[in-house]
Participant: 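Take a look at this one; I'll ask things after.
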Amino acid sequence: MTMATRYYLRLPDPALARGSEPSLSFHSQSAEGFAEELQAALRSPALFERWKALQEDPDAVDPSLGATDPAAVVTGEQSDLDVLLVATTAIPGGVFKQRMRWLAGSHWQLHDIKGA
């Protein structure tokens, strides 16, 4: 089993934290909602499957991009106008960042990464 990593994220303007494809993007307005959506995206293959279906050749998609972690945990809190998220997951870093791009586009910041 891969060791879990803790990602410290910031959504500086939560209203803009949307990916370019609405069917893959965050829909939440609250810190708790963002945390729930990210946690679901890490635990379940549903977000990956929606993205894969949008590809020109879904069967050619690398299956490792669909990695899931049923034990992933995400917490969220409001800090002034920002939303702070802490995600603990064993999903590889590249896959984690891809999920964040689908969900939030470029409107997120990774502040720190630590072994969990």
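These values consider heavy atoms only, across backbone and side chains, with no hydrogens, waters or symmetry-generated copies. FYI, the numbering just counts along the sequence from 1.
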Participant: Could you check whether atom CG of Leu81 has more than 12 heavy atoms from other residues, nucleotides or ligands sitting under 6.0 Å from it?
Facilitator: no

Participant: Does any part of the side chain of Met100, heavy atoms only, come nearer than 4.5 Å to the side chain of Leu110, both counted from C-beta?
Facilitator: no

Participant: Identify the heavy atoms of Leu103 and Leu24 that sit nearest to each other, and give their distance.
Facilitator: CD2-O, 3.4 Å

Participant: Strictly distance-based, threshold 3.5 Å: is any side-chain N or O of Gln109 a donor or acceptor partner for the main-chain N or O of His111?
Facilitator: no

Participant: Provide the closest heavy-atom pair for His107 versus Leu16 in the form atom of the first, atom of the second, distance.
Facilitator: CD2-O, 3.0 Å

Participant: Give me the atom names and distance for the closest heavy-atom approach of Pro12 to Asp82.
Facilitator: O-OD1, 3.2 Å

Participant: Would you say that Tyr8 contacts Leu84 through its side chain, given a criterion of any heavy-atom pair below 4.5 Å between the two side chains?
Facilitator: no

Participant: Do you know which two heavy atoms are closest between Leu85 and Gly76, and how far apart they sit?
Facilitator: CD2-CA, 3.7 Å

Participant: Roughly how far apart are Ser20 OG and Arg101 CZ, rounded to 0.5 Å?
Facilitator: 11.0 Å

Participant: Kindly indicate whether the side chain of Trp51, heavy atoms from C-beta on, has any atom under 4.5 Å from the side chain of Val61.
Facilitator: yes

Participant: Sequence neighbours left out, cut at 3.5 Å: what donor-acceptor pairs do the side chains of residues 28-35 make with other protein atoms?
Facilitator:
| unit_1 | atom_1 | unit_2 | atom_2 | d |
| --- | --- | --- | --- | --- |
| Ser28 | OG | Gly33 | O | 3.1 |
| Ser28 | OG | Glu37 | OE2 | 2.3 |
| Ser30 | OG | Gly33 | N | 2.9 |

Participant: So Arg43 and Val73, do their side chains get closer than 4.5 Å, heavy atoms only?
Facilitator: yes

Participant: Treating Ile, Leu, Val, Met, Phe, Trp and Tyr as nodes and any side-chain heavy-atom pair under 4.5 angstrom as an edge, say whether Val86 and Met3 lie in one connected cluster.
Facilitator: no

Participant: Fit a plane to each ring of Phe96 and Tyr7, take the angle between them on a 0 to 90° scale, and name the class: parallel (under 30°), tilted (30 to 60°) or perpendicular (over 60°).
Facilitator: parallel

Participant: To the nearest 0.5 Å, what is the distance between CD on Gln98 and CG on Leu47?
Facilitator: 9.5 Å

Participant: Could you check Val83 against Arg10 for side-chain contact (heavy atoms from CB on, under 4.5 Å), going step by step and ending with a plain yes or no?
Facilitator: CA-CA 6 Å; Val83 167; Arg10 179 173 168 256; over 6 Å; no

Participant: Over all heavy atoms of both residues, which pair between Ser25 and Arg18 is shortest? Give the atoms and the distance, please.
Facilitator: OG-C, 3.8 Å

Participant: Are Thr5 and Lys114 close enough that some pair of their side-chain heavy atoms sits under 4.5 Å apart?
Facilitator: no

Participant: Which pair of heavy atoms, one from Arg99 and one from Leu42, lies closest together, and at what distance?
Facilitator: NH1-CA, 4.0 Å

